[in-house]
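Encoded as structure tokens, the structure appears first; notes follow it.
Below, chain A is the first sequence line, B the second, and so on; all start at residue 1. The structure displayed is predicted, hence computed values, not measured ones.
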Amino acid sequence: MPEPLIAAHQLVKRFGDFTAVDGIDVEVQPGEAFGFLGPNGAGKSSTMRMIACVSAATSGSLRLFGLDPATHGREIRGRIGVVPQLDTLDIELSVQENLWIYGRYFDLSRAECRRRATELLEFAQLTERADSVVDTLSGGMKRRLSIARSLINEPQLLLLDEPTTGLDPQARHVLWDRLYRLKQQGVTLVLTTHYMDEAEQLCDRLVVMDQGRIVAEGSPRSLIDRYATREVLELRFSAGTNDSFADALHGVGSRLEVLPDRILVYADDGEAALTETHHRGLQPESALVRRSSLEDVFLLLTGRSLVD
Amino acid sequence: MSTGLLRIVPPAYVVRRPHRMIERHLVAYRRQWLIVVSGFFEPLFYLLSMRAGLGDLVGTVSVGGQQVPYDMFVAPALMASSAMNGAIFDSTGNVLHRLKYARIYDAALATPMGPADVAAGEIGWALIRGQLYAISFLAVMAGMGLVDTWWSLLALPACALIGLTFAAIGFAGTTFMRGWSDMDIVTTLMMPLFLFSATFFPTSAYGSWAWVVQLSPLYHGVALVRGACAGVWTTSMLAHIAVLVVLSMVALVVAARRLDTLLRK
Ligand SMILES: Nc1ncnc2c1ncn2[C@@H]1O[C@H](COP(=O)(O)OP(=O)(O)O)[C@@H](O)[C@H]1O
Ligand SMILES: [Mg+2]
């Protein structure tokens, strides 16, 4: 097995008395696409900032490329690319100046900065906007520019903190496509998300985080297999009456989850569960059978839904 | 120079790439050159108004035992003050904007740049701008017949030292600011500093309060520029230099540390 690119052991981050990251163990191998999945406040960004060597761990050990961020922060930062949760684009510079100047921070020659900037603008589909001021870009364009900028030093490891949050579906798909290409080029990706579909799309392996801890780990598929059933039956009854149907549905699937707006019935055969529901004389306003997702895994693990 | 200054601090505060920050500003200011040029006119207006207002009103003042006309006494003090103003202006308002609002430093610190690079770069930038203004100030002084010795050229390095000191102090102070309203503190502090640094009167005029004047960093800067312009050198100049050097070193270290705690939480 090659040396892991990232090795965290009992990593802790505290802010005063508050523990944001509570002793996590993570290893990421070269070439992997690894995800941190979890709701707001789970500690994903705090973890990412420690990995990016812009925030010091409170305790535990962290190694990137076998190096310690406390002593080799500069070297490590020179080999990684970072897309923070909130864009830190330079609003006083144009699109291409953002790329040049960032490249200069890595000590690239001016000619090299220019050459790479041209390529990256193409990659991020921003060539036409090269001379625009950053402020005039749409959210999706800014995100693409952030990603392009993070690639200027040709990083071996790319860290993306919620790369597509706040983007419309089309912009999101464009980004996914770009990330997928990078992965194919052999760049190791580490990303955080609270979107299940994103994790399923991009990650080979992921950990589910909740309240600073890792509550599950595996490939998206294996997590679904382990913590959910193959299918889910979603039932909606008239508003506010969901609770009263829980007893009546007992035993229909292998597990029930009662949410404010719907009831989820976990069953390997959703259609059979629906037939059984009708058989018991229950008349939901709507019923939907779907494949289970990481969303369900999260719900089953923590008892809370992932949606904000 | 800044590399040497910061050798005494831990590895995380080592200065390697301050010029990258300066390069960034050069590119950013390509679109804002008017702001840079406007900084040139302010000291010019100072000088002109002083000439018009005071003229030959007062007699001579003693500088290091040498009698100089009053306008030649005040002009170097204005030069020193404008070096201070420029440095403070660059290192407070502009830095606060980049630190809290434009968040320029967050991006830089995700690269091989370190907090000390950012701090030293910002201070270096303030210094470069300050030197441009100091050169033009001296040129105008010469044009108005207020310069009569080549020693006056030494006023430029003196202004660089003043710029370094106030840029470092300004930067360090700004890292403690909560928001724009704290900028009022800067304005409030600068006025008495300007007035009570032996700017318009020799220290003797302050009577038994003369020691208060000595507490002002600007006073030491004024003394240096004044000495240079009059072409007199006394051993007390060494003390003035030492005060400014020590102050700027302390402020530089504070600035880098604060930047580290602020941005690398
Ligand atoms: N600089 C900070 N100071 C104090 N608390 C913080 C700071 N950064 C994050 N936190 C807290 O730590 C917890 C985890 O935050 P974060 O890592 O941003 O979570 P996530 O990215 O998963 O939403 C949150 O409760 C947040 O309020
Ligand atoms: Mg976050």
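- Heavy atoms closer than 4.5 Å to chain B are found in both the backbone and the side chain of A/Asp107.
- Scanning all heavy atoms of the two residues, the minimum distance from A/Glu92 to B/Ala28 falls at OE1-CB, 4.2 Å.
- Interface remark: of the candidates A/Leu93, A/Val82, A/Ile91, A/Leu93 forms the most heavy-atom pairs closer than 4.5 Å to chain B.
- Within the 4.5 angstrom heavy-atom criterion, no atom of A/Thr71 approaches chain B.
- Environment of CZ in B/Phe89: sparse, with no more than 12 heavy atoms of neighbouring residues, nucleotides or ligands closer than 6.0 Å.
- Per-residue counts of heavy-atom pairs under 4.5 Å with chain A were compared for B/Arg98, B/Arg17, B/His19, B/Met21; the largest is that of B/Arg17.
- Contact of A/Ala56 with chain B is made through the backbone alone, with heavy-atom distances under 4.5 Å.
- Side-chain contact between A/Arg74 and B/Arg16 is present, with at least one heavy-atom pair separated by less than 4.5 Å.
- Under the 3.5 Å distance criterion, the side-chain polar atoms of B/Arg20 are matched with a main-chain donor or acceptor of A/Arg104.
- With a 4.5 Å cut-off on non-hydrogen atoms, B/His97 touches chain A through its side chain but not through its backbone.
- Ranked by non-hydrogen atom pairs under 4.5 Å with chain B, the options A/Arg110, A/Glu75, A/Arg149 are led by A/Arg110.
- Atom CZ of B/Arg24 sits about 4.0 Å away from atom CG of A/Asp90, to the nearest 0.5 Å.
- Near-neighbour residues of residues 103-113 of chain B relative to chain A, defined by a heavy atom under 4.5 Å from a heavy atom of that chain, comprise B/Arg103, B/Ile104, B/Asp106, B/Ala107, B/Ala108, B/Leu109, B/Ala110, B/Thr111, B/Pro112, B/Met113.
- Contacts of A/Ile76 with chain B are absent, with no heavy-atom separation under 4.5 Å from either backbone or side chain.
- For chain B, the nearby part of A/Arg49 is the side chain; its heavy atoms alone come within less than 4.5 Å.
- Annotation for A/Gln125: atom CD counts as buried by contact number, over 12 foreign heavy atoms lying within 6.0 Å.
- Taking each heavy atom of B/Arg30 and A/Trp100 in turn, the nearest pair found is NH2-CZ3, 4.3 Å.
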Check against side-chain contact (heavy atoms from CB on, under 4.5 Å), A/Val54 and B/Leu263: CA-CA 8 Å; A/Val54 294; B/Leu263 295 178; over 6 Å; no

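- Interface with chain A: from residues 170-190 of chain B, no residue qualifies, criterion being any non-hydrogen pair under 4.5 Å.
- Within a 6.0 Å radius of CZ in A/Phe15, other residues, nucleotides and ligands contribute more than 12 heavy atoms.
- Within a 6.0 Å radius of CZ in A/Arg63, more than 12 heavy atoms belonging to other residues, nucleotides or ligands are found.
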